[in-house]
Amino acid sequence: MAIFLTGSTGYLGSYLATGLFREHRDSLNLLVRAKNQQEARERLWQSLQLHMEFAEFQEHFSSRVRIFIGDLTNLQFGLPDDEYQALMQSTDSLIHCAASLNRKSEKQCLNVNLRGTLEVIQLARRAQDHHGLRRFSHVSTVAVAGTRQDETVLEDNAIDWARSDYDPYARTKKFCEHMVHQLLPEVPRTIFRPAIVMGDSRRPETTQFDMVQAFSVLASLPVLPLRPTGRIDIVPADYVGKAIVHIHQKAVARYPRYHLSSGAGSQTYRELTDALAQAGGSRPTYLPSLGGTFSGTVNWLSHKKNNLGRGASLLKVFWPYLVWNTVFDNSRVVEELGGEMPAKFSTYASPLLKFSRENRFRYPAKPWPSENASVKSAGGGAGA
Ligand SMILES: NC(=O)c1ccc[n+]([C@@H]2O[C@H](COP(=O)([O-])OP(=O)(O)OC[C@H]3O[C@@H](n4cnc5c(N)ncnc54)[C@H](OP(=O)(O)O)[C@@H]3O)[C@@H](O)[C@H]2O)c1
C-alpha cells in the first residue's frame, strides 16, 4: 500500500516527498502533470534536487514510487480506468498538497482548488469504501481565517463564514476544508494550515521566490509604510514539511487541525529590518501614514518589466497579509514536535535574500544528467 501525494513537483510537496523517503518506508503514489513518464521524472528531479543528489533520487524512484500522470482538474485525474483503479486500490492514506496559489485568478482557484480537491476526495471516498483509509491530510492555509486585524487566531476559531476573504485563493481553500469534513466524515482527517512559508532555516537555497521577491522589494526601500511593531507570521519550509510528515505518519494525531506557523514567536518588522541591517543592509524609516502614496508607487512600479516590477506586483497581491498584524497560535504543532519551535526568520532571512537576488529569483536547476540517457530511453524506474 502507498501514500498518495499531490503537489510533489511543487515547493512544499518536495519537502513532503523527501521527508517520507528519508524518515519512513512507505511507497508513494505521486500525481504529476506531464506528457509521459520520463517528463514526469524530469519534473520531479527539478523539484527534488533542492534536497538530494541524483543517485539518491534514482534510488527512491526505482524502488518506492509509482507516478500517475494526471491533472486534478480532470475527471478521475484523466487516468485510464485501470490506472485509476490501481491508484485507488493501492492508496491507504492521502496527503493533498497541490493547489493553485494564484491569488489573482478566480478561475484557477476554482478549478484547481475546488474541482481538484473534490476529485481527490472522490478518490479517498472510493478507497475508504473499498478497503478503508488510515488518514486524509489536507494542506490548507492560514488565509482561511479571512480578513483580520491585530489578532492571534486559534485553530478552532479561524473559520468564520460571515467574514470576507482577501482573495479567491483564501475563499476556495476555506471551502476545501469544508468539503473534506463534509464528504469524509468517517475518515481520520488532519488539516494543516501553514502561515507564510518562506525559505529553509538550514540553507539559503529555495525553489519558490514569489514571497521572497516581494520581501526583497520591501527590504530595499528606504521608507516603509508599515508599523514597526506590526508582526508577520513567517515559517520556514523545513519546519512545515517536518510537521506534516510527522503528524501524517502518527497512529493518532492529537488534534484535527494545526497551524504551522510562528505564532507568538512571530517577529516584528523592526526586528526583521534590524537583523537585515546587521547583515549589511540599511535601516529604513517607518512611516505607516504613507499607505496611500505607497500603494500608488507600488502600482506604478508593478507595470515595469523587470525584477523590481515583478516584485512590486507580487507585493500588491500579498499586501493584505503583510499589514494585517495577525499571527496564528502554534502551540499544537509545537506540542506534537516535542517542543520544537520554528526558527525565527531573522536568523536565515539574509542568506535567503542573498541567494535569491544573486540568482535573479530563479533556482539554478540542474538538468537531468546526460550520463543517464540510457535510463531515459529505457524509461527506467518504477511506475506506470
Ligand atoms: N507557499 C506558501 O507560502 C503556502 C502558505 C500556506 C499554505 N500553502 C499551501 O501549501 C500547498 C503547497 O503550496 P506550494 O507553495 O508548494 O505551491 P507550489 O510550489 O505552487 O506547488 C503547487 C503544486 O500543485 C500542483 N498542481 C497545481 N495545479 C495542478 C493540477 N491541475 N493538477 C495536478 N497538480 C497541480 C503543481 O504541479 P505543477 O508543478 O504541475 O504545476 C505543484 O506540484 C498548497 O496547498 C498551498 O495552499 C502554501
Side-chain angles (χ1 to χ4, degrees), residues 4-18 30-35 39-40 42-48 50 67-79 94-103 105 107-120 123 137-145 158 166-177 180 191-200 206-215 232-241 243-244 258-262 314 317-318 321-322 328 342 345 363 365:
F4 177 49
L5 172 64
T6 66
S8 53
T9 51
Y11 181 52
L12 271 184
S14 75
Y15 282 81
L16 302 184
T18 303
L30 303 180
L31 183 75
V32 179
R33 290 196 284 188
K35 286 202 229 35
E39 186 184 299
E42 289 183 14
R43 296 204 60 229
L44 285 159
W45 166 235
Q46 296 284 306
S47 82
L48 286 162
L50 181 64
I67 296 172
F68 291 86
I69 295 174
D71 190 309
L72 284 171
T73 61
N74 290 335
L75 200 64
Q76 301 198 352
F77 311 123
L79 293 170
L94 298 89
I95 307 180
H96 178 36
C97 182
S100 170
L101 286 86
N102 186 344
R103 292 177 159 80
S105 170
K107 188 168 93 182
Q108 279 284 319
C109 289
L110 188 102
N111 277 325
V112 180
N113 301 348
L114 294 187
R115 286 178 56 213
T117 298
L118 184 59
E119 210 45 67
V120 177
L123 178 85
S137 288
H138 177 72
V139 183
S140 183
T141 164
V142 295
V144 299
Y166 288 122
D167 47 46
Y169 167 70
R171 196 147 194 88
T172 52
K173 292 290 281 188
K174 180 156 84 177
F175 198 76
C176 289
E177 286 196 20
V180 171
I191 304 288
F192 295 103
R193 297 188 191 130
I196 295 170
V197 184
M198 223 189 329
D200 186 315
T206 179
T207 53
Q208 196 182 64
F209 294 98
D210 283 2
M211 198 65 188
V212 185
Q213 202 164 355
F215 201 78
I232 176 157
D233 198 330
I234 298 171
V235 63
D238 46 313
Y239 187 83
V240 172
I244 296 175
Y258 296 86
H259 286 156
L260 307 180
S261 53
S262 288
L314 289 164
V317 174
F318 291 128
Y321 302 102
L322 300 178
F328 296 85
F345 187 54
Y363 182 71

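As the structure lists them, so they are numbered: ligands from 1, and atoms in each ligand from 1. Throughout, numbering of the chain's residues begins at 1 and tracks the sequence.
Rounding to the nearest 0.5 Å places CG of Leu118 at 9.0 Å from CZ of Phe175.
Look at Ala237 and you'll find every heavy atom at least 4.0 Å from all atoms of ligand 1. Ligand 1 lies less than 4.0 angstrom from a heavy atom belonging to Gln208.
When heavy-atom distances to ligand 1 are checked against a 4.0 Å cut-off, Ser47 has no atom that comes that close, whether in backbone or side chain. Contacts between Met198 and ligand 1, counted as non-hydrogen atom pairs separated by less than 4.0 Å, are absent for every part of the residue. With a 4.0 Å heavy-atom cut-off, ligand 1 is reached by the side chain of Val112 but not by its N, CA, C or O. Counting heavy atoms closer than 4.0 Å to ligand 1, residue Met211 contributes nothing at all. Using a 4.0 Å cut-off between heavy atoms, Asn111 makes no contact with ligand 1 at all.
Close contacts of ligand 1 with Ser140, meaning ligand atoms under 4.0 Å from a residue heavy atom, involve 7 (C), 8 (N), 9 (C). Within ligand 1, the atoms closer than 4.0 Å to a non-hydrogen atom of Val139 are 9 (C), 10 (O), 11 (C), 45 (O), numbered from 1 in the order shown. Per-residue contacts place Asp71 under 4.0 angstrom from the following atoms of ligand 1 (heavy atoms of the residue considered): 30 (C), 31 (N), 32 (N). Atoms of ligand 1 lying under 4.0 Å from any heavy atom of Arg43, numbered from 1 in the order shown and given with element: 38 (P), 39 (O), 40 (O). Within ligand 1, the atoms closer than 4.0 Å to a non-hydrogen atom of Thr141 are 6 (C), 7 (C), numbered from 1 in the order shown. Listed by atom number, the atoms of ligand 1 under 4.0 Å from Ala195 heavy atoms are 5 (C), 6 (C).
For atom 29 (C) of ligand 1, the closest heavy atom belonging to the protein is Arg33 CZ, 3.5 Å. When only non-hydrogen protein atoms are considered, atom 21 (O) of ligand 1 lies nearest to Gly10 CA, 3.3 Å. Ranking the protein heavy atoms by distance from atom 23 (C) of ligand 1 puts Gly7 CA, 3.8 Å first. Nearest to atom 44 (C) of ligand 1 among the protein's heavy atoms is Cys97 O, 3.1 Å. Distance from atom 25 (C) of ligand 1 to its nearest protein heavy atom, with residue and atom name: Ala98 CB, 3.6 Å. For atom 46 (C) of ligand 1, the closest non-hydrogen atom on the protein side is Tyr169 OH, 3.4 Å. Scanning the protein heavy atoms around atom 16 (O) of ligand 1, the nearest turns out to be Leu12 N, 2.8 Å. Protein heavy atom in closest approach to atom 43 (O) of ligand 1: Thr9 OG1, 2.7 Å.
Using the six-membered ring where Trp is involved, His138 and His96 have ring planes that are tilted, between 30° and 60° apart.
For atom 22 (C) of ligand 1, the nearest non-hydrogen atom from the set Ala99, Gly78, Gly116, Ser261 comes from Ala99.
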